Amino acid sequence: MEKKVTMQDIADRLNISKNSVSQALSGKPGVSEDTRRLVQTTADELGYSYSNSRNQKQVEKKTLKNIALIASDYAFSLKSFFGEIYLSVEKELRVRGMNLFIESIDSEAKNNLSLPSLLINHEIDGILILSHISTDYISTIINTGIPTVLIDHHEPHLEADSILTNNRFGAYTAVEYLIQLGHREIAFVGNVDISPSYQERLEGYLLALKRYGISPNEDFILTNTQENQHDINLFLNGLQDMPSAWFCVNDGKGFLVTSILQQRGLKVPEDASVCSFDNGQLSQIATPTITTMDIDLNYYGKKAVEQLCWRMENNEEPFQEILLPTKLIIRESTAKKK
């Protein structure tokens, strides 16, 4: 029996995605007219059976879209940040009448580049990837040809839309505020290898210092700390001079720095000001409460779904990086330098 020609056969012949073939043959927007004609011509040549009838289009329009949300085990464990984004994604998809499938990726699947089982067992129309997994793994998912949007992550070799925090300008705003309070000896605490977001926050920190004519003190810049007391205590033990202010890349590190400074007999903010990023629960329950940069996580998820829906209808448009704004929340942990 002669093998049935599939959309994937057409996609392989033309070196385009299966999704583009589907859009071209169904009459949906998202591909150019030249591509549509080329796909239809190739389909005829290969003997593919398809229909452009109005009835088929109506059936397709009534079909519920299936959206996959994928993240690492680690990202799903950060409930105060990514949990809120997940809930906003779920809410927005429900409003749009779409189905949501969720799968966490463990280290074994990541290392073996094993596709999520939901991509194998379900007809998935679009993918949302929450935070970083690995470049190779995310590339494997993108190479399926299913429209994909990255949430809070981007990388030069990943060809996909990204919804991002404006990390550079957010960090700039935070450090500028500390400078305006009279601080010039400002420490940076973070691990820039974990996420591009943290590297960008370092860049914003340095940009603010440069703008105000302050030379960065390398002794005050900690870029490889884990979120534990041991690393921060080691850093403090190695300092000859004490910063008058601290900028931390997230609220977890801000909470730790505040606690450790207090354990060492320093008062916050009388002896040292502390500012962090994300406006999570830790910044709100700390004593004193911590000045931080707020991110609208509900809008994050809504914007990601909005972009994915647009991408599913415009699969050949250039990829976009969308930066979402931050807002300075002034609390008790910062004060003018004495």
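FYI, the numbering just counts along the sequence from 1. Please read these numbers as outputs of a predicted model, since none were measured by experiment.
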Is it the case that the side chains of [Y] and [X] hold a donor-acceptor pair, with the cut-off being a distance below 3.5 Å and no angle test?
| X | Y | result |
| --- | --- | --- |
| S244 | H183 | yes |
| R201 | N250 | no |
| Q40 | D44 | no |
| T334 | S273 | no |
| N66 | N99 | yes |
| T6 | D9 | yes |
| S88 | Y299 | no |
| Q284 | T289 | no |
| T292 | D251 | yes |
| N191 | Y198 | no |

Verdict with supporting geometry, D161 and Q320, side chain to side chain donor-acceptor pair (under 3.5 Å): CA-CA 5 Å; D161 297 324; Q320 301 179 7; 5.9 Å; no
Test ring-ring contact (aromatic ring centres under 6.0 Å, His included) applied to Y86 - qualifying residues, sequence neighbours left out: none
Partners passing ring-ring contact (aromatic ring centres under 6.0 Å, His included) against H154 (at least two apart in sequence or in another chain): none
Mind checking the [atom1]-[atom2] spacing from [X] to [Y]? Nearest 0.5 Å is all I need.
| X | Y | atom1 | atom2 | result |
| --- | --- | --- | --- | --- |
| S72 | I105 | OG | CD1 | 8.5 Å |
| D106 | D73 | CG | CG | 5.5 Å |
| I214 | R184 | CD1 | CZ | 4.0 Å |
| I124 | K65 | CD1 | NZ | 11.5 Å |
| L150 | L158 | CG | CG | 6.0 Å |

Audit row: E90, L87, side-chain contact (heavy atoms from CB on, under 4.5 Å) steps and yes/no: CA-CA 5 Å; E90 182 182 45; L87 289 175; 3.9 Å; yes
Does any N or O in the side chain of [X] come within less than 3.5 Å of the main-chain N or O of [Y], such that one atom is a donor and the other an acceptor?
| X | Y | result |
| --- | --- | --- |
| Y137 | S114 | yes |
| E155 | H157 | yes |
| N298 | D296 | no |
| T42 | L38 | yes |
| S162 | H153 | yes |
| R311 | N314 | yes |
| E176 | A208 | no |
| D278 | G280 | no |

Looking at residues at least two apart in the chain, or sitting in another chain, which of them share a salt bridge (charged side-chain N to carboxylate O under 4.0 Å, His left out) with [X]?
| X | answer |
| --- | --- |
| K302 | none |
| R331 | none |
| E45 | none |

Do [X] and [Y] come within less than 4.5 Å of each other through their side chains, counting heavy atoms only?
| X | Y | answer |
| --- | --- | --- |
| T291 | I329 | no |
| I186 | F220 | no |
| W310 | E317 | yes |
| M312 | I67 | yes |
| L130 | L128 | no |
| M293 | N279 | no |
| N167 | V249 | no |
| I85 | Y300 | yes |

Parallel, tilted or perpendicular, as decided by the 30° and 60° cut-offs, for the rings of F247 and Y205: parallel
Shortest non-hydrogen contact from L25 toward A43: CD2-CB, 4.2 Å
Salt bridge (Lys or Arg N to Asp or Glu O under 4.0 Å) between E185 and K337, intermediate numbers included: CA-CA 10 Å; E185 299 83 21; K337 183 182 178 183; 2.9 Å; yes
Pairwise salt bridge (charged side-chain N to carboxylate O under 4.0 Å, His left out) hits with a residue in residues 206-232, at least two apart: E227-K253
